[in-house]
Engineer: 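The structure that follows is given in the form of structure tokens.
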Amino acid sequence: MRIALCTDGIHPQALGGMQKHSRLLAEHLAKSNNVELIVLHPHAETVFDKALGIQEVCVAPIDPGKFYLRELWCYSDRVGEELERLSPDVILSQGFCVWKGIDRFRGKLIMHPHGLEMFQGLTWKERLLGAPFRWLVRHIARRSALVISLGGKLTGILQEQLKGSSCRVVVIPNAVELPEESATLPAPGSERASPLVLLFVGRFAFNKGIDVLMEVAQRLVDEGHARMVRFDLVGDGPLFSSIKAAGVPENMRLLGRLDDAALAQCYADCDAFILPTRFEGMPTVVLEAMSQAKPVFVSDVGATAELVDMHNGYLLPPGNADELYNAILSFCERSPEARIKMGRYGQERVRELFSWPVVTKRFMRLFEGMTR
């Protein structure tokens, strides 16, 4: 069974959730030894360990200095030429990699649009900028054999776009690598009394709800709870410089962008993970926190309800500072044992449903069904 995975970048040569997904999915598919895997990507250098046996095909990359939609169209043209030459049994397209001449691949194409942020924009500017990408999702998905949803609210969005089409939606979630269990579960009696550390990891942009986080942090200071909770924020982005220049509440630290080792230490040291995002797909950072046995505060958007419930965290309305404030106070009132139990529940949920071996098997069943 020849599988072609088409992507516009592979982590760490390219940054982003979809690019990281491309790397890990390819590696786990190759390790299954049940497929002949071809990965089409824009990197001139070899990306994967040669021992995995992955055939890599370099496609000339997108020029970031030119009009992005036209560059996507041209990139998809180059990908299409390679696919015709390779003639795989199944094509999995990450995002918009298969577009020009798409009808050539109708019977064997699976589209994976990931987070569908273009359907979740809140401001008029976000909706306007997302309009051509909403059209593109509909155009490609309706000409695919299958389209993958990460679950939750995203499934309904896709089903709405596919009305009257023969394409069907299949739910396969994101996945995460599980660390060594001994490295993630706190030892009895090791719980820190105060302050509790709530970790944010993400891009400093409006949709991530950092303004909501700052409002809650300042309220805790104003009401005399500054030493109850500390917020550690990891990441950078368009708002980072302005937030740093304006200053943050005394119970908040801006740590900037960290390497993998430092980030892993932040996950290990925190008491819970917090992401007050306004819209999302299925955030890998939440899965990473759950894999580290950390309770989670997250907005009920995208597919986050697939990950978090009352047993392992707080699922909150987006943009609501009062609800987040009350949830944090509730968490602080829980015993250390109760907080550890929440984290362990989330870690076990990852092990059962969202670990890479489990999710890879779901992809394999999907491919086998396509070839039959």
Side-chain angles (χ1 to χ4, degrees), residues 3-32 37-43 45-49 52 54 56 58-59 61-62 64 75 92-97 110-117 148-151 154 172-179 199-205 207-208 234-237 256-267 273 275 277 279-292 294 296 298 302-304 306-307 350-351 353-360 362-363:
I3 308 297
L5 172 62
C6 307
T7 177
D8 65 357
I10 303 290
H11 182 85
Q13 283 80 357
L15 299 179
M18 188 167 70
Q19 290 73 22
K20 194 168 187 178
H21 183 274
S22 294
R23 168 175 282 280
L24 293 171
L25 176 59
E27 289 176 345
H28 282 271
L29 286 173
K31 290 174 185 175
S32 74
L37 183 62
I38 309 162
V39 178
L40 290 79
H41 62 67
H43 309 299
E45 69 273 22
T46 299
V47 172
F48 297 101
D49 185 340
L52 291 171
I54 297 172
E56 299 184 42
C58 176
V59 179
I62 288 170
Y75 184 73
L92 176 60
S93 174
Q94 300 274 50
F96 308 128
C97 292
I110 303 171
M111 181 195 189
H112 196 333
H114 287 268
L116 296 173
E117 287 86 353
I148 294 175
S149 167
L150 296 173
L154 305 178
I172 301 182
N174 273 344
V176 69
E177 300 275 21
L178 275 169
L199 175 67
F200 167 94
V201 179
R203 190 165 180 263
F204 277 56
N207 66 293
K208 296 298 182 181
V234 175
D236 58 14
R257 185 171 172 176
L258 302 180
D259 61 28
D260 289 346
L263 179 57
Q265 191 62 52
C266 285
Y267 276 118
F273 184 82
L275 185 67
T277 179
F279 55 84
E280 203 71 51
M282 178 176 277
T284 302
V285 287
V286 170
L287 283 167
E288 289 173 346
M290 289 170 62
S291 76
Q292 296 275 356
K294 303 299 178 181
V296 173
V298 70
T304 58
E306 304 278 334
L307 306 176
V350 168
R351 192 183 309 280
L353 300 174
F354 306 109
S355 64
W356 269 111
V358 171
V359 171
T360 301
R362 295 181 67 167
F363 272 103

Engineer: Measuring from Thr284:OG1 to Met18:CE, what's the distance to the nearest 0.5 Å?
Structural biologist: 12.0 Å

Engineer: Applying side-chain contact (heavy atoms from CB on, under 4.5 Å), can you list everything that pairs with Thr7, at least two apart in sequence or on another chain?
Structural biologist: Ile10, Ser22, Val39, His41, Gln94

Engineer: How about Val234 and Phe200: do any of their side-chain heavy atoms sit closer than 4.5 Å?
Structural biologist: no

Engineer: Can you pull out every salt bridge (Lys or Arg N to Asp or Glu O under 4.0 Å) where at least one residue sits in residues 12-32? Sequence neighbours excluded, please.
Structural biologist: Lys20-Glu288, Arg23-Glu27

Engineer: Do the rings of His21 and His112 sit parallel, tilted or perpendicular, given the 30° and 60° boundaries?
Structural biologist: perpendicular

Engineer: Could you give the distance from CG (Asn174) to CD1 (Ile148), rounded to the nearest 0.5 Å?
Structural biologist: 10.5 Å

Engineer: Working to the nearest 0.5 Å, report the span between CE of Met111 and SG of Cys97.
Structural biologist: 9.5 Å

Engineer: What are the two closest heavy atoms between Ala303 and Leu150, and how far apart are they?
Structural biologist: CB-O, 3.8 Å

Engineer: With heavy-atom distances below 4.5 Å as the criterion, would you say the side chains of Val298 and Leu307 are in contact?
Structural biologist: no

Engineer: List for me each residue that meets side chain to side chain donor-acceptor pair (under 3.5 Å) alongside Gln265, sequence neighbours excluded, and say none if there are none.
Structural biologist: Asp269

Engineer: With Ala264, which residues qualify under side-chain contact (heavy atoms from CB on, under 4.5 Å), at least two apart?
Structural biologist: none

Engineer: Just jot down the side-chain contact (heavy atoms from CB on, under 4.5 Å) partners of Asp260, sequence neighbours excluded, or say none.
Structural biologist: none

Engineer: How close do Leu40 and Ala4 get, counting heavy atoms only, and between which atoms?
Structural biologist: CD1-CB, 4.2 Å

Engineer: Assess whether side-chain contact (heavy atoms from CB on, under 4.5 Å) is satisfied between Val350 and Leu287, documenting all intermediate values.
Structural biologist: CA-CA 7 Å; Val350 168; Leu287 283 167; 4.2 Å; yes

Engineer: Between Val201 and Phe273, which heavy-atom pair has the shortest distance, and what is it?
Structural biologist: N-CE1, 3.6 Å

Engineer: Passes side-chain contact (heavy atoms from CB on, under 4.5 Å), Leu199 versus Lys294? Steps please.
Structural biologist: CA-CA 10 Å; Leu199 175 67; Lys294 303 299 178 181; over 6 Å; no

Engineer: So do Leu353 and Pro173 actually touch side chain to side chain, heavy atoms under 4.5 Å?
Structural biologist: no

Engineer: Drop me the distance from Phe354's CZ to Leu178's CG, to the nearest 0.5 angstrom.
Structural biologist: 12.0 Å

Engineer: What distance separates Ile3 CD1 from Ile110 CD1, expressed to the nearest 0.5 Å?
Structural biologist: 7.5 Å

Engineer: Working to the nearest 0.5 Å, report the span between CG of Leu29 and CG of Leu5.
Structural biologist: 7.5 Å

Engineer: Search all heavy atoms of Gly9 against all heavy atoms of His43 and return the closest pair with its distance.
Structural biologist: CA-NE2, 3.5 Å

Engineer: Could you tell me whether a side-chain N or O of Thr277 sits under 3.5 Å from a main-chain N or O of Asn207, the two making a donor and an acceptor?
Structural biologist: yes

Engineer: Apply side chain to side chain donor-acceptor pair (under 3.5 Å) to His11 and list each qualifying residue two or more places apart in sequence or on a separate chain.
Structural biologist: none

Engineer: So, using side-chain contact (heavy atoms from CB on, under 4.5 Å) as the criterion, who are the partners of Pro42 when residues are at least two apart?
Structural biologist: Pro61, Tyr75

Engineer: Ignoring hydrogens, what is the shortest heavy-atom contact between Arg203 and Gly237? Give both atom names and the distance.
Structural biologist: CG-CA, 4.3 Å

Engineer: What pairs with Ser149 under side chain to side chain donor-acceptor pair (under 3.5 Å), at least two apart in sequence or on another chain?
Structural biologist: Thr155

Engineer: Do Leu25 and Leu92 have side-chain heavy atoms sitting under 4.5 Å apart?
Structural biologist: yes

Engineer: In chain order, what residues pass the side chain to side chain donor-acceptor pair (under 3.5 Å) check against Asp8, with sequence neighbours excluded?
Structural biologist: Gln19

Engineer: I need the minimum non-hydrogen distance between Phe363 and Ile172, along with the two atoms involved.
Structural biologist: CE1-CG2, 3.6 Å

Engineer: Tell me whether Glu56 contacts the main-chain N or O of Phe48 through its side chain, where contact means a donor paired with an acceptor under 3.5 Å.
Structural biologist: yes

